*Asks:* 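Before I ask anything, here is the structure I am working with.
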There are 2 protein chains.
Amino acid sequence: MQIPIPTIKRFPSYLRLLKLYKKQGMIHISATMLANELGLKPIQVRKDISCTGIEGRPRIGFEVEALIAMLEEQLGWDNSSEAILVGSGHLGSALARYEGFDGYGLKIIASFDLNTAKVGTFLGEVPVFSMEKLPSFVLENRIHIAIIAVPAQSAQDVADLLVKSGILAIWNFAPVDIKVPGDIVLQRTDLAVSFAVLSAKVKRKMSD
Amino acid sequence: MQIPIPTIKRFPSYLRLLKLYKKQGMIHISATMLANELGLKPIQVRKDISCTGIEGRPRIGFEVEALIAMLEEQLGWDNSSEAILVGSGHLGSALARYEGFDGYGLKIIASFDLNTAKVGTFLGEVPVFSMEKLPSFVLENRIHIAIIAVPAQSAQDVADLLVKSGILAIWNFAPVDIKVPGDIVLQRTDLAVSFAVLSAKVKRKMSD
DNA sequence: TAGATTGTTAATCGATTAACAATC
DNA sequence: TAGATTGTTAATCGATTAACAATC
């Protein structure tokens with residue numbers, strides 16, 4: 001029985017909060033409390049937690065540490081995933097330096113760029129290599145995950161190259177729907193989608 | 001009868017494709033073709049389109065221009081929304097320069113930062129002002145939308161200031177769940193959530 | 001103990017998908 | 001005309017929520 005995607009999407013918020021509570025020295029936490037803090041319903045938090053297999057105790061709640069460990073395991077964040085970045089523009093640069101990734105088990109270890117002027121430089125701590133080095137780098141370092149942060153028009157070409165190089169999962173930030181073989185995991189982070197939801201909500205509010 | 005959020009989330013992809021078709025000179029487009037291109041089912045595309053009120057013609061499809069106009073209207077993207085940005089770090093800088101926003105009716109017209117060294121500089125074309133100027137700027141320019149791209153620990157303070165200044169909607173990129181009054185539209189773009197879904201899918205693939 | 005909280009089972013809700021008549 | 005495509009109504013599917021007994 002697989003964990004529903006909507007539940008998976010709430011896991012990072014639980015995790016963030018739980019880590020905070022752990023730092024504060026709390027041993028147990030109730031679903032009610034998590035729910036209040038995140039604006040969710042207690043029943044939903046309980047249901048979500050039940051997906052991890054962790055059991056709580058009535059009146060007391062769940063063990064903070066056990067919950068953190070299990071959430072990280074379910075997300076595959078317990079052993080850090082090394083990833084490469086393609087595209088070293090402003091977005092790529094921001095992603096390479098993004099502090100939050102540490103806590104996600106995600107580590108960007110190299111960046112690749114067509115622009116030869118950027119090759120040899122660093123994005124924060126991440127070295128920039130030329131595109132030609134990509135296939136051998138992926139192979140030699142057994143990289144599974146690639147992040148695409150190139151302009152829309154080159155995204156498909158980059159994706160094709162990544163697939164040919166043996167990547168398993170692609171996280172695409174370019175504003176275009178790229179196509180990949182069915183066995184490749186594809187995740188799109190589309191700013192337009194987020195903004196669409198925001199816009200629609202604003203529009204509703206205005207017309208109330 | 002409100003348009004479902006999942007449908008709203010697919011609108012940007014339709015729009016992007018339709019604009020491409022328009023540029024290519026196509027007059028009509030079938031739901032079948034849109035579906036194939038985006039990896040969706042035709043029935044779902046038809047259902048989504050029906051939410052816009054646009055009617056198609058059997059065998060011929062939908063008028064590309066009418067569909068574009070109606071999708072943009074439904075999203076509130078027909079009249080450009082001016083927004084401000086708070087935080088001028090790497091992420092803020094990338095957002096300010098993001099080319100894709102043009103097509104969304106989103107225009108970032110100013111940025112605000114606590115760091116006085118940045119005040120007076122520009123992120124691309126976007127001027128950086130000091131935080132003290134924020135409330136009057138929002139008031140005078142009737143800004144409805146603010147984008148938060150500051151570190152997690154200052155996000156709540158920024159949100160409070162924005163609410164006090166009269167902002168209607170907040171798009172939060174900081175990795176933290178901020179709290180706002182119920183009448184404020186809050187949209188979170190959380191890289192952790194996207195990565196969680198990607199990780200979970202990779203994990204499933206590996207254990208198959 | 002009393003009462004808050006858990007875990008489970010069932011009900012509800014909403015989105016997706018299927019079926020099919022209408023139509024160009 | 002024949003056949004692809006639309007629009008509608010109903011069925012299915014999956015997630016959320018409610019109800020409530022169990023329990024610490």
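Residue numbers begin at 1 in each chain, while the letters A, B, ... track the order of the sequences. The model shown is predicted, which means the values in this text are computed figures rather than measured ones. Reckoned from all heavy atoms, side chains included, excluding hydrogens, waters and symmetry mates.
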*Asks:* Can you tell me how far CG of B/L106 sits from CH2 of B/W77, rounded to the nearest 0.5 angstrom?
*Replies:* 9.0 Å
*Asks:* For the residue pair A/F173 and B/S194, establish whether any side-chain heavy-atom pair is separated by less than 4.5 Å.
*Replies:* no
*Asks:* Quick check on B/I27: does its CD1 atom have over 12 non-hydrogen neighbours (other residues, nucleotides or ligands) under 6.0 Å away?
*Replies:* no
*Asks:* Working to the nearest 0.5 Å, report the span between CG of B/L15 and CG of B/L18.
*Replies:* 6.5 Å
*Asks:* For A/D190, enumerate each residue passing the salt bridge (charged side-chain N to carboxylate O under 4.0 Å, His left out) test, keeping only those at least two apart in sequence or located in another chain.
*Replies:* A/R188, B/R16
*Asks:* Okay, side chain of A/N141, backbone of A/I143: is any donor-acceptor separation there less than 3.5 Å?
*Replies:* no
*Asks:* Stem ranges for DNA chain D, with three or more consecutive Watson-Crick or G-U pairs under 3.5 Å?
*Replies:* C:3-24 with D:3-24
*Asks:* Without decimals, in angstroms, what is the distance between B/I49 CD1 and D/dT5 C1'?
*Replies:* 12 Å
*Asks:* Check nucleotides 20-24 of chain D for protein N or O atoms closer than 3.5 Å to its own N or O atoms and list the pairs.
*Replies:*
none

*Asks:* Strictly by salt bridge (charged side-chain N to carboxylate O under 4.0 Å, His left out), give each pair with a member in residues 17-30 of chain B just once, sequence neighbours left out.
*Replies:* B/K19-B/E72
*Asks:* Distance check needed: D/dT5 P versus B/E55 CD, whole Å only.
*Replies:* 19 Å
*Asks:* Tell me whether the rings of B/F101 and B/Y104 are parallel (<30°), tilted (30 to 60°) or perpendicular (>60°).
*Replies:* perpendicular
*Asks:* Strictly under 3.5 Å: I want the nitrogen or oxygen pairs between protein and nucleotides 12-17 of chain D, one per line.
*Replies:*
from: D/dT16; atom 1: OP1; to: A/R10; atom 2: NH1; distance (Å): 3.0
from: D/dT16; atom 1: OP1; to: A/R10; atom 2: NH2; distance (Å): 3.3
from: D/dT16; atom 1: OP1; to: A/Q44; atom 2: NE2; distance (Å): 3.4
from: D/dT16; atom 1: OP2; to: A/R10; atom 2: NH2; distance (Å): 3.2
from: D/dT16; atom 1: O5'; to: A/Q44; atom 2: NE2; distance (Å): 3.4

*Asks:* Is the number of heavy atoms from other residues, nucleotides or ligands within 6.0 Å of CD (A/Q153) greater than 12?
*Replies:* yes
*Asks:* So A/S30, base contact, sugar-phosphate only, or nothing? Heavy-atom distance under 4.0 Å.
*Replies:* sugar-phosphate
*Asks:* What pairs with B/F129 under ring-ring contact (aromatic ring centres under 6.0 Å, His included), at least two apart in sequence or on another chain?
*Replies:* B/F112, B/F137
